[in-house]
Amino acid sequence: MAPKPGLPEVGTPDAAALDARHGQLSALRVIELAVTELFPGAVAAVSSFGADSAVLLHLIAQVDRHLPIVFLDTGKHFEETLRYRDALADDFGLTDIRVIHPDAAALQRVDPGGRLHENDVEACCHVRKVEPMARGVEPFRAWFTGRKRHQAGTRAGLPVFEAVGPRVRINPLAQWTPADLDAYMRDHGLRENPLVAYGYLSIGCFPCTRPVVPGHDARSGRWAGQAKTECGIHLGGLEQSLSQERHHE
Ligand code: SF4
């Protein structure tokens with residue numbers, strides 16, 4: 001694939017080697033390293049503007065408040081989340097929030113009534129999240145996420161640097177605990193998503209998000225009562241969608 005205009009040409013990075021070498025650095029240092037040395041001009045962040053998105057975005061703003069921030073507007077977000085997105089961008093002076101929408105034709109084809117989530121959450125997440133995510137990150141060689149190991153059993157082994165095909169996903173907060181996040185939010189006076197006060201500890205689309213029962217892990221309120229625990233943007237479906245994007249170029 002020919003490189004995108006303006007995208008520096010570099011070899012495919014070895015995510016495992018990056019993780020072994022830099023995985024123990026502080027979150028701020030990981031972000032600095034990625035932005036200034038590893039992927040200059042070719043790294044973004046992905047944010048859901050959910051329960052603890054403020055921490056990652058505050059760290060990023062200390063390094064580069066013009067970094068592209070990809071936000072997937074599924075069309076099913078809580079109004080509170082959309083307002084929180086705009087308020088946090090103002091708080092931190094973020095200048096490049098990239099709102100990615102589902103493909104209109106695909107949505108019309110598979111979810112014309114907007115109720116696909118009621119009978120096929122996998123198909124709904126694919127059209128509203130996975131495919132748009134692939135379009136959102138496709139121009140970049142790497143992107144930051146706010147994922148943490150403590151959030152769910154499925155994330156217990158989360159590395160800081162991980163490969164997604166030839167790209168690298170970076171999880172600077174992988175080893176942060178809920179206490180670390182609380183302390184950071186408090187120490188820096190960061191604005192909280194208003195839904196947290198109502199027990200929403202992991203926030204996604206309104207039809208698929210419930211408040212968390214005390215004592216359960218933070219993501220247990222997502223697709224509650226179903227086997228599903230991840231929307232797919234962090235799983236193999238993204239890599240597949242990215243390779244389909246490339247074939248469409
Ligand atoms: S979280 Fe629910 S509403 Fe949102 S894309 Fe997935 S299935 Fe659809």
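Numbering starts at 1 and runs along the sequence shown. These values consider heavy atoms only, across backbone and side chains, with no hydrogens, waters or symmetry-generated copies. When a ligand or atom number is given, it counts from 1 through the structure's own listing order.
- Atom numbering of ligand 1 starts at 1 in the shown order; those under 4.0 Å from a heavy atom of R128 are 5 (S).
- In this structure, D96 pairs ionically with R98, as a charged nitrogen and a carboxylate oxygen lie closer than 4.0 Å.
- Residue pairs that meet the salt bridge (Lys or Arg N to Asp or Glu O under 4.0 Å) test with at least one member in residues 81-92, sequence neighbours left out, are D91-R191.
- Near K129, meaning under 4.0 Å from any of its heavy atoms, are these atoms of ligand 1: 1 (S).
- Heavy atoms of C125 found under 4.0 angstrom from ligand 1 belong to the backbone as well as the side chain.
- In summary, R128 and D111 engage in a salt bridge, as defined by a charged side-chain N under 4.0 Å from a carboxylate O.
- Residues meeting the ring-ring contact (aromatic ring centres under 6.0 Å, His included) test with F49, sequence neighbours left out: F71.
- Using a cut-off of 2.8 Å, one finds that H117 contributes no N/O/S atom close to atom 8 (Fe) of ligand 1.
- Both the backbone and the side chain of V121 come within 4.0 Å of ligand 1, judged by heavy-atom distances.
- Looking only at side-chain heavy atoms (C-beta outward), H101 and L72 stay at 4.5 Å or farther from each other.
- Within ligand 1, counting atoms from 1 as listed, the ones closer than 4.0 Å to a heavy atom of C208 are 1 (S), 2 (Fe), 3 (S), 7 (S).
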